Protein chains: 2
Amino acid sequence: MYNNVMTAILHEHQKIETEHLLADLLVAANRLTRVAASATGDSTSPAIWRTLSVLDNHGPMRLGELATETRISQPTATKIVQNLNELEWIKRIQDPHDARVRTLAVAPKGAQALKDWKQRLGHALTPLFGDLSTAEWGHVKATVDLIRQRVRMSEQGETTIGDRSERGE
Amino acid sequence: MYNNVMTAILHEHQKIETEHLLADLLVAANRLTRVAASATGDSTSPAIWRTLSVLDNHGPMRLGELATETRISQPTATKIVQNLNELEWIKRIQDPHDARVRTLAVAPKGAQALKDWKQRLGHALTPLFGDLSTAEWGHVKATVDLIRQRVRMSEQGETTIGDRSERGE
DNA sequence: AGCGATACATAGCTCAGCTATGTATAATAA
DNA sequence: TTATTATACATAGCTGAGCTATGTATCGCT
């Protein structure tokens with residue numbers, strides 16, 4: 001039965017149109033973000049959750065590291081981190097060897113907030129996604145894993161702009 | 001061989017943890033958006049592409065319709081539409097029966113811009129996604145289709161805030 | 001001791017999101 | 001027909017995320 005689903009994909013879409021698929025994925029996900037925002041009434045920005053998630057998955061990291069990892073400029077990272085700090089969702093740790101460095105770590109409050117948000121979001125979208133089959137959840141999970149993996153890959157590959165040092169000034 | 005992939009999902013993850021999966025999807029997609037933005041150097045905002053895509057898929061629609069469909073407030077829709085209009089990517093058509101209504105449609109220039117963007121994005125992410133198997137593309141495509149379908153479903157379901165008329169004022 | 005490089009902060013801009021409110025037109029009731 | 005209410009969109013004005021340019025403090029090295 002599950003194999004039928006697979007066969008359907010392989011036969012009906014033997015040639016999947018991948019040309020626009022990634023763009024369509026981003027647009028669809030963006031729309032889903034809006035649906036989620038209105039369904040949960042969440043006023044906290046996606047950037048906050050993104051940053052907190054990265055910090056949570058990756059463990060303690062420097063501000064600059066966080067900026068390049070999440071592909072935002074260093075000043076933008078500074079601002080988001082300030083917001084997270086005011087919420088007491090992260091803590092800034094002074095590096096004992098380098099006074100310039102602020103190492104960032106998720107605070108217990110932040111870990112809880114993240115967990116709660118994911119759960120709230122899941123529940124809010126249950127009316128829409130509650131009836132998904134195991135196979136369909138499998139597609140979603142595979143996609144999430146894929147994206148995560150490739151985003152991690154991208155850390156080395158592409159051009160990074162933002163710090164003077166990296167533009168050779 | 002492709003069946004092995006499927007079997008792997010079904011056996012190794014017989015019980016997929018769906019609790020946080022949707023949140024993880026949104027976060028991952030958000031990160032991918034950042035990767036794409038930095039890879040393409042695209043200065044045009046995701047909101048512009050989202051709005052243009054919706055208009056392109058749906059066909060001509062009113063501003064208010066666009067706002068509820070994309071789950072943004074009417075004033076936000078007005079602003080985005082103004083930006084799209086300045087780019088000449090959409091056209092505003094006067095409704096002959098109701099002078100208040102501005103019907104919006106994608107202009108040829110906009111359709112081209114959207115197509116070009118999707119292609120640029122696809123190419124820019126080829127280093128990351130070029131090696132995906134047919135099965136993996138299948139997962140992505142299935143996920144995109146799922147999201148689209150459920151987002152469309154959400155039009156009726158959830159609470160809509162934004163217009164005075166809908167808050168009973 | 002001094003000087004370039006580095007890590008982060010600040011200033012100041014644009015755009016996307018919001019609520020509250022204004023304005024013009026339609027629809028309806030007096 | 002005219003006045004009232006409802007509707008469709010625009011405007012005002014705020015916050016936060018994104019950016020570039022630049023400032024400040026510290027490190028590393030000569």
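This is a predicted model, so every value here is computed, not measured. Below, chain A is the first sequence line, B the second, and so on; all start at residue 1.
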Just the rounded figure in Å: distance from [atom2] of [N] to [atom1] of [X].
X	N	atom1	atom2	answer
A:Arg102	D:dA25	CZ	P	12 Å
B:Glu86	D:dA10	CD	P	12 Å
A:Arg71	D:dA17	CZ	C1'	18 Å
B:Asp95	D:dT7	CG	P	17 Å
B:Asn83	D:dA10	CG	P	12 Å
B:Ile93	D:dA8	CD1	P	18 Å
B:Arg31	D:dA17	CZ	P	17 Å
B:Gln74	C:dT21	CD	P	15 Å

If you look at every heavy atom in B:Leu52 and B:Gly110, which pair is closest and at what distance?
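Looks like CD2-O, 3.4 Å.
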With sequence neighbours excluded, residues passing salt bridge (charged side-chain N to carboxylate O under 4.0 Å, His left out) with A:Asp95:
none
Is it the case that the side chains of [Y] and [X] hold a donor-acceptor pair, with the cut-off being a distance below 3.5 Å and no angle test?
X	Y	answer
B:Asp116	B:Gln112	yes
B:Gln82	B:Thr78	no
A:Thr40	A:Arg120	no

Identify all pairs in which a protein N or O lies below 3.5 Å from an N or O of nucleotides 26-28 of chain D, and state each distance.
from, atom 1, to, atom 2, distance (Å)
D:dT26, O2, A:Arg100, NH1, 3.3
D:dC27, OP1, A:Ala99, N, 3.0
D:dC27, O4', A:Arg100, NH2, 3.4

Of all of residues 47-62 of chain A, which get a heavy atom below 4.0 angstrom from DNA chain C, listed by number?
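Within this stretch, A:Arg62 sit under 4.0 Å of the strand.
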Could you tell me whether A:Ser45 contacts a base, only the sugar-phosphate backbone, or nothing, with contacts defined as non-hydrogen atoms closer than 4.0 Å?
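The residue A:Ser45 makes sugar-phosphate contact but no base contact.
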Once side-chain contact (heavy atoms from CB on, under 4.5 Å) is applied, do any residues pair with [X], and if so which ones, sequence neighbours excluded?
X	answer
A:Ala47	A:Ser45, A:Arg50, A:Ile80
B:Asp131	A:Arg150
B:Asp56	B:Val106, B:Leu114

Report the C-alpha distance between A:Asp24 and B:Arg148 in whole Å, list the side-chain angles of each, state the deciding distance to 0.1 Å, and finish with yes or no for salt bridge (Lys or Arg N to Asp or Glu O under 4.0 Å).
CA-CA 9 Å; A:Asp24 289 339; B:Arg148 279 187 167 160; 3.5 Å; yes
Result for 5'-nearest mapping on DNA chain C, choosing between A:Val101 and A:Lys79, is A:Val101
Below 4.0 angstrom from OP1 or OP2 of C:dA7, is there any side-chain N or O of A:Arg92?
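It does not, given that no N or O in the side chain of A:Arg92 lies less than 4.0 Å from OP1 or OP2 of C:dA7.
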Considering only heavy atoms and no angle criterion, is a donor-acceptor pair shorter than 3.5 Å present between the side chain of B:Gln82 and the base of D:dA10?
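Checked by distance alone, the answer is no.
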Picking from C:dT19, D:dG18, C:dA11, the nucleotide nearest the side-chain atoms of B:Ser73 would be C:dT19
So which nucleotide from C:dC15, D:dA10, D:dG18 ends up closest to the side chain of B:Thr78?
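Nearest listed nucleotide: D:dA10.
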